[in-house]
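Taking it in order: structure first as structure tokens, then the write-up.
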Amino acid sequence: MLQVNVLRQNPEWVKERLAVRHFKNAGLVEEIIALDDDRKKLQAEFDNTQSKINSASKEIGKLMAQGKKEEVEQMKQDVAANKAQTTALTEKMNATEKALQEKLIQLPNLPSALVPPGKTPEDNVVVRSGGDDVKLPEGALPHWDLIKKYDLIDFETGAKITGSGFPLFKGKGAKLQRALIQYFLDYNTAAGYTEYIPPFMVNEASAYGTGQLPDKEGQMYHATEDNFYLIPTAEVPVTNIYRDTILKESDLPLKMTAWSPCFRREAGSFGKDVRGLNRVHQFEKVEIIQMVKPETSYEAFEQMVHHVERLVQSLGLPYRILKLCGGDMGFTSALTFDFEIYSAAQEKWLEVSSVSNFESFQANRLKCRFKDTSGKTQLVHSLNGSSLALPRIMAGILENNQTETGISIPLVLQKYFGAASI
RNA sequence: GGUGAGGUGGAUGAGUGGCUGAAAUCAGCAGUUUGCUAAACUGCCGUACGGGUUAAACUGUACCGAGGGUUCGAAUCCCUCCCUCACCGCCA
């Protein structure tokens, strides 16, 4: 959520930034400022009236002590009149605030100056690419066939147990998954990230805090009996650790990593790209998150991008890094780099990570602030990224490392997997 | 799930209707003293939204788990909900 003050200070600049996203409803900016003006006026009025009530009440207390009954009765009537006024004002204020909030929440984050123009994924800019060229053997298979061939994941039984998109990992498939998770976490903690295993369900307040609610309601699984949501990413519970907190400047930067299963309903995505591990309802992911001082967030962003890049490199996968254009960026992000690995067997790029700087957008909603050295309270900047999403990484490893005799395991994973090949 | 006890500022903890935005202690910050450390002493030390100011000072309002209610006046009384702790039941 953007801060109203930012809109007030520079509405034209805000609109320019929104245009980079091709955000249509720029009129919201003025509407919000107008509502905020109303809010201020109402509050001033309310405060005045309430102040009268408060002083009258104190006076009444004193008069009561002196036993001056008649005067007290007179004052009570005055207070009653004022009170009727505050009740009316409160109602107006609540309505105004609600309208303000509703509009404010519709504004996406402002793209940073680094964001390239453009509307669709085709307009994303390749920052760099790397990794080994892959030479696949004759008759190379896509991962869904390899999975069958080596009996690594049983999609059919997963569908029987739960439904389609709930893979059942099995034998070496399960072990490879575990090896990857372990490797990723070790890699992250070695870089100074504190490891967490968060709750996998969150309450409404948390889902709201990271922006899943109110608008992405349909994308989460919802346990209605208890009003909990299954997390779509570890970002939700981990970021909410710092909901409603005021940190010390010396606490920053905070670096966290967490493994978790991720549950996504993926309502509305049919047909294309859903084969095998390309798109599932339950998958696992290791996430990295940072909360930093505003002036260092782009430094932290670079750091995170390099961190993820080295991780992808270590697996020997061909990859590219995309700088998302204004039109393709997520609602809450100010700058996003996507990581894609190349699946030679599918002849397709698969997204395996997305690193974003939210600047203060998420922190504002979350109310995560810190006290700077001059004693002023300000919002932190938050960032996150995957390191990495498991299914597509596994798909990539299986496809790109297949040989006539089996699948070779990347060197860095061998000590976790316990073998050099499948 | 049952029963009981609780939820107050960074922490401990007082406060059962007006003098309490909140005692006291600890931690923290600034300073004085001291050869250093330590100790002692003095001051400061919640958040949000307004007004005010170059910035402060100053000032209004709200907030004592959340939401309602009673009252001229609520941290304090009443109702609902949430959470924590203890014991019992069930259970990985």
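Worth saying up front: this structure is predicted, and the values here are computed from it rather than measured. A note on names: the letters A, B, ... follow the listed sequences, proteins ahead of strands, and every chain is numbered from 1. FYI, side chains are in, hydrogens and waters are out, and symmetry mates aren't considered; it's all heavy atoms of this structure.
Rounded to a whole angstrom, the distance from the C1' atom of B/G10 to that of B/G46 is 10 Å. Nucleotides B/C64 and B/A22 have their P atoms positioned 14 Å apart, rounded to a whole Å. Comparing the C1' positions of B/U70 and B/A24 gives a spacing of 33 Å, expressed to the nearest Å. For the P atom pair drawn from B/C63 and B/A74, the interatomic distance equals 8 Å after rounding to whole Å. A distance of about 38 Å separates the P atoms of B/U53 and B/U42, rounded to the whole Å. Comparing the C1' positions of B/G21 and B/U47 gives a spacing of 11 Å, expressed to the nearest Å. Atom P of B/G89 sits at a distance of 25 Å from the matching atom of B/C82, rounded to the whole Å.
In this structure, A/Lys323 forms no cation-pi arrangement with A/Phe337, as its terminal cationic atom is not both closer than 6.0 Å to the ring centre and no more than 45° off the ring axis. Under a cutoff of 6.0 Å and an axis angle of 45°, A/Arg178 and A/Tyr416 do not form a cation-pi pair.
Residue A/Phe46 has its side chain nearest to B/U61 when only B/U61, B/A48, B/G73 are considered. In the set B/U47, B/G18, B/G50, B/U47 carries the atom at the smallest distance from any side-chain atom of A/Ile246. Side-chain proximity of A/Asp47 to B/G18, B/C49, B/G60: nearest is B/G60. Looking at the side chain of A/Arg369, the nearest of the listed nucleotides B/C72, B/U47, B/C19 is B/U47.
With both pairing distances under 3.5 Å, B/U42 is matched to B/A30 as a Watson-Crick or G-U wobble pair. When both distances must be under 3.5 Å, the Watson-Crick or G-U wobble mate of B/G35 does not exist. Across all strands shown, B/G7 pairs with B/C82; the Watson-Crick or G-U wobble distances both stay below 3.5 Å. For B/A14, there is no paired nucleotide, since no Watson-Crick or G-U wobble pair has both relevant distances below 3.5 Å.
Among the atoms of the strands shown, base atoms are found under 4.0 Å from some heavy atom of A/Gln43. Nucleic acid contact class of A/Lys40 (heavy atoms, under 4.0 Å, all strands): sugar-phosphate only. Counting any heavy atom pair closer than 4.0 Å across all strands shown, A/Asn48 reaches no nucleic acid atom. Within the nucleic acid shown, A/Ile53 has no heavy atom closer than 4.0 Å to any nucleic acid atom. In this structure, A/Lys371 reaches the sugar-phosphate backbone alone: every heavy-atom distance under 4.0 Å involves primed, P, OP1 or OP2 atoms, never a base.
Within the structure, every side-chain polar atom (N or O) of A/Asn54 is placed at least 4.0 Å from both OP1 and OP2 of B/G73. When the side-chain nitrogen and oxygen atoms of A/Lys83 are compared with OP1 and OP2 of B/G73, one or more of them lie within a distance under 4.0 Å.
Two rings, from A/Tyr183 and A/Trp259, have their centers 6.0 Å or more apart. Taking the centre of each ring, A/His307 and A/Tyr193 come in below the 6.0 Å mark.
Across the protein-nucleic acid pair, A/Met75 atom CE and B/G73 atom C1' stand 12 Å apart, rounded to whole Å. In this structure, A/Leu42 places its CG atom 16 Å from C1' of B/G60, rounding to the nearest Å.
Looking only at side-chain heavy atoms (C-beta outward), A/Tyr187 and A/Arg310 come within less than 4.5 Å of each other.
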